[in-house]
2 protein chains.
Amino acid sequence: MSIAERKERQRAERYELILAAARELAEADGWDAVTTRRLAELINYSQPVLYSHFKGKADIMAAVATRGFEELATRLEMETTNVTDAADVLRNICAAYLDFARSRPVVYEAMFVLPTRIKFASEETPPALRAAFAALVAALGPDRQEPVFLAEVLWSALHGMVVLMQSERIPAEDAEVRLNILVQKFRSD
Amino acid sequence: MSIAERKERQRAERYELILAAARELAEADGWDAVTTRRLAELINYSQPVLYSHFKGKADIMAAVATRGFEELATRLEMETTNVTDAADVLRNICAAYLDFARSRPVVYEAMFVLPTRIKFASEETPPALRAAFAALVAALGPDRQEPVFLAEVLWSALHGMVVLMQSERIPAEDAEVRLNILVQKFRSD
DNA sequence: CGTAAAATACTAGCGTCGCTAGTTTATCTG
DNA sequence: CAGATAAACTAGCGACGCTAGTATTTTACG
C-alpha cells in the first residue's frame, strides 16, 4: 500500500502548506485578511479543498493555535530545565512568555484572544497547553498555597500586559519596567 | 430657530436609539450579530441612515465604548470617594472593576478588547478613561514609586482575569479567590 | 488493457456582510 | 404655489464563509 502512503503524505504536506500560508498571511496583514479565497490562491488550489482538511476558517486558526501551544511549552520548559540561576526562574519564565507573544503576535492572538473551540482547563485541553501552564506553576516555586490559582493570577497579569500592549492601550516600550514590578510582586521571598 | 432645535433634538434621539439598539443586540447575541442591516431594522429606518450619524460600524462601537468609559469611571470613583473603610479601597476598586466587566461584558469588549480607534495613554484619550485610570492609581495608595507603571500592571492583571474568564480560558467561578490573591500581592503594607 | 467505480478537485452559486451611488420623497424658502 | 434644499429611500458593489453539483482524475477489477 505504498501508493496510499504517498497520497497520505501529500495530503499531510498540503495540510502544512495551508497552515503555513495562514500564519504568513496573518503575520503580514492580520487574521481578518486570512480569507479562504486568499488562502486557496496562495496554495494554488481551489477554495473548497480547504474544507477537505478543515471544518472551516475557525478550524484552521485552531490548528495554528495548537502549534503555538507546542512552541510556547517548549520555550517555557527550556527556562525551567536549563536552570543556570535557579533564583530567577520566575523572571525568566515571565520574560519568555512576553517574548513569545512579541515574536508571534498573531499566533498568540489565535491561542489566547480570538474565540476558539479549544477547551481550556478541562479533560480535552491539549497536552502542550497543560505543559505550558505547568511550567508557570513550577516557576512560582514549591511550597505555595493554592499554586494553581496563583499561577492563574500571574498568567492573567502576563496576558493582560500582552494584549494591552498589542492593542496599543499601554505603551509597549515600558514592558521591561512592568515585568520587573510583576516579578517583584510574585516573588516568594 | 425652534424648528431647527427640534430637528437637532430628534437627531440626538435617534443617535441614542442606535446606540441602545447596538448595545442590546450585542448583549443578546454578541458583536458579530450587530450588523448594520439588523440595526436599521431595529430602529425602523433604512440602513444608510446609520451612516449619517456614524462613519461605520466601528464608529458605533466606539461610541458604545465611550459611554462605557463614563460608567466605569463613575463606578470606580464611587469606591474612592465613599471611603467607608479606607484600608480596603484597593480591594473595592478591583472588585468594582471586575463587577463592571461581568455586568457589561460586551461593552467591556468594545472598550478594551476589540480593535478600536480610541487613543489610549495620549493627549486624545477620553476624559472618562483618564479618570478611571486615575482611580486605579489612587487606589494603590500614596507614596508609591512609579505609580503609573504599578497601576498598569494591576490593570493588566485585572484585564487578563476578565478576558480569560469571558473567553472561558480560566473558570469564572474562582474569581473571588483570584481577586484575594491579587489584592494581597499589591497591598502596600 | 479497457471499463466501471470511487475519490478528488473544480465551477458556480447562496446568503450575508459593510458600505455607497443615485434617486425619490419630504421640507423649507421666496 | 414653484423651486431649492435636505433627508430618506432603493438598489447594488465587491467580498466574505461555506456548499451543492459537476467534471476530472485515479483506482480496482475483469
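Keep in mind that the numbers below use all heavy atoms, side chains included, and drop hydrogens, waters and symmetry copies. Numbered from 1 within each chain, the chains take letters A, B, ... in sequence-line order.
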Audit row: A:Arg67, A:Glu71, salt bridge (Lys or Arg N to Asp or Glu O under 4.0 Å) steps and yes/no: CA-CA 6 Å; A:Arg67 294 294 167 86; A:Glu71 185 180 344; over 6 Å; no
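- The OH atom of A:Tyr51 sits 18 Å away from the P atom of D:dG21 (whole-angstrom rounding).
- Between B:Arg11 and B:Arg37, the residue anchored closer to the 5' end of DNA chain D is B:Arg11, taking for each the nucleotide with the nearest heavy atom.
- When the nucleotides D:dC18, C:dT11, D:dT10 are ranked by their closest atom to the side chain of A:Ser46, C:dT11 comes out on top.
- Salt bridge present: B:Arg91 and B:Glu176 bring a charged side-chain N and a carboxylate O closer than 4.0 Å.
- Atom-to-atom, CG of B:Leu39 to P of C:dC17 comes out at 11 Å; the value is rounded to the nearest Å.
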Verdict with reasoning, A:Leu39 to A:Ile60, per side-chain contact (heavy atoms from CB on, under 4.5 Å): CA-CA 11 Å; A:Leu39 271 186; A:Ile60 298 176; 3.9 Å; yes
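- Between A:Lys57 atom NZ and C:dT16 atom P the separation is 19 Å, expressed in whole Å.
- Put simply, CG on A:Asn44 is 17 Å from C1' on C:dT8, counting in whole angstrom units.
- A straight line from CG of B:Asp59 to C1' of C:dG18 spans 14 Å, rounded to a whole angstrom.
- In this model, the phosphate group of D:dG17 is approached by a side-chain N or O of A:Thr36 to a distance below 4.0 Å at OP1 or OP2.
- The side-chain contact (heavy atoms from CB on, under 4.5 Å) check on B:Arg14 picks up B:Arg11, B:Tyr45, B:Val49, B:Ser52, B:His53, with sequence neighbours excluded.
- Rounded to whole Å, the distance from CE on B:Met61 to P on C:dG18 is 11 Å.
- Whole-Å rounding puts the A:Asp32 CG to D:dC16 C1' distance at 11 Å.
- At whole-Å resolution of the value, CG in B:Leu50 and P in D:dA8 are 11 Å apart.
- The side chain of A:Tyr45 places no N or O atom within less than 4.0 Å of a non-bridging phosphate oxygen (OP1 or OP2) of C:dA9.
- Of all nucleotides listed (C:dC10, C:dA21, C:dC17), C:dA21 comes nearest to the side chain of B:Pro48.
- Side chain B:Gln47 to base D:dC9: no donor-acceptor pair is found below 3.5 Å.
- Look at B:Arg38 and you won't find any side-chain N or O under 4.0 angstrom from OP1 or OP2 of C:dT16.
- Contact between the side-chain N/O atoms of A:Arg14 and the OP1/OP2 oxygens of C:dT8 is not found at any separation under 4.0 Å.
- Applying the side-chain contact (heavy atoms from CB on, under 4.5 Å) criterion to B:Glu123, with sequence neighbours excluded, gives no partner residue.
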